[in-house]
Amino acid sequence: MAAKRSGHACVTPRIPVAVQAPDPISLAGITSQLRPRPQVTVTTWDAEAPPQVALVVVDTVDEEALKTLRRIQRTTDCRTVLVTTDIDEQKLVSAAECGVAGVVRRSEATPEHLVHVISTVARGEGHIPSDLLGRLLEEVGRLQGQVLGPRGLHFTGLAAREADVLRLVAEGYDTADIATELAYSERTIKNVLHAVMTRLQLRNRAHAVAYAVRQGLI
């Protein structure tokens, strides 16, 4: 007879979450929302088991908030969720530079939504409000077209010529063919490849092809 499956076999471990808030009322409010949820465990920063996710509550992403986010990024291994009243695409970029992986507006911070975002971030993914994502993509496009593009740069960290060379490498061109295609000398192509591989720590052409695929160059 087959052994009965343990009733605990499919239990998902709770996500330990530490909450940072600017005042006792906000801290108590967020904590009271999270404590009854079976997916998470509210813990403290100095607990024996470190938190997996840091939930940071602020009114706006000002310098004080950024200092808090930088400290968490520097001193812990937590993934960070930011709950804020005021956020736009510029403030989102600043928060992302400080390690924020998820953003929730206070007006949308229901217990269900908070737990959803915490779970998403704990899996190594990210979350931002959909309308903010659209504006962020527009801002990225503007920066590429008006700021980086005229300087021959891309968000990938590649100059336009470097991107062209990597794309042709990925398509199977050898050095001579790339030089002909782009109207450069073979020496120039070799120098470009050497510079890119050194800067991006690419081991060989096959590694360069993999990088080109990941960056959407082909």
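Worth saying up front: this structure is predicted, and the values here are computed from it rather than measured.
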Set of residues satisfying salt bridge (Lys or Arg N to Asp or Glu O under 4.0 Å) with respect to E125, sequence neighbours excluded:
R123

Distance from L82 atom CG to H127 atom NE2, nearest 0.5 Å?
11.5 Å

Close side-chain approach of E181 and L168, heavy atoms under 4.5 Å:
yes

If hydrophobic clusters are built from ILVMFWY residues whose side chains come within less than 4.5 Å, do L27 and L55 share one?
yes

With distance as the sole criterion, is a donor-acceptor pair present between the side chains of K91 and T60 under 3.5 Å?
yes

Quick one: OH on Y184 to CZ on R161, what's the gap to the nearest 0.5 Å?
5.0 Å

Is a side-chain donor or acceptor of S26 paired with a backbone partner of D23 at a separation under 3.5 angstrom?
no

With a 4.5 Å heavy-atom cut-off, do V58 and P22 have their side chains touching?
no

Got a donor-acceptor contact below 3.5 angstrom from the R106 side chain to the T85 backbone?
no

Check the side chains of T180 and D177 for a donor-acceptor pair under 3.5 angstrom, ignoring hydrogens and angles.
no

What pairs with R70 under salt bridge (Lys or Arg N to Asp or Glu O under 4.0 Å), at least two apart in sequence or on another chain?
E63

Just by modelled atom types, is the E186 backbone N or O under 3.5 Å from a matching donor or acceptor in the T175 side chain?
no

Any side-chain to backbone donor/acceptor pair from T110 onto H113? Under 3.5 Å, distance only.
yes

Nearest-0.5 Å distance that lies between atom CD1 in I87 and atom CG in D59
12.5 Å

Inter-residue atom distance I189.CD1 - D174.CG, 0.5 Å rounding
11.0 Å

State plainly whether one hydrophobic cluster holds both V117 and V42, where clusters connect Ile, Leu, Val, Met, Phe, Trp and Tyr through side-chain heavy atoms under 4.5 angstrom apart.
yes

Working to the nearest 0.5 Å, report the span between CG of L92 and CD of E97.
10.0 Å

Can you establish whether the number of heavy atoms outside D77 located under 6.0 Å from its atom CG is more than 12?
no

Listed partners of S94 passing side-chain contact (heavy atoms from CB on, under 4.5 Å), at least two apart:
L66

I need the L182 CG to T188 OG1 distance, nearest 0.5 Å.
10.5 Å

Looking at R105 and D86, is any side-chain nitrogen of the basic one under 4.0 Å from a carboxylate oxygen of the acidic one?
no

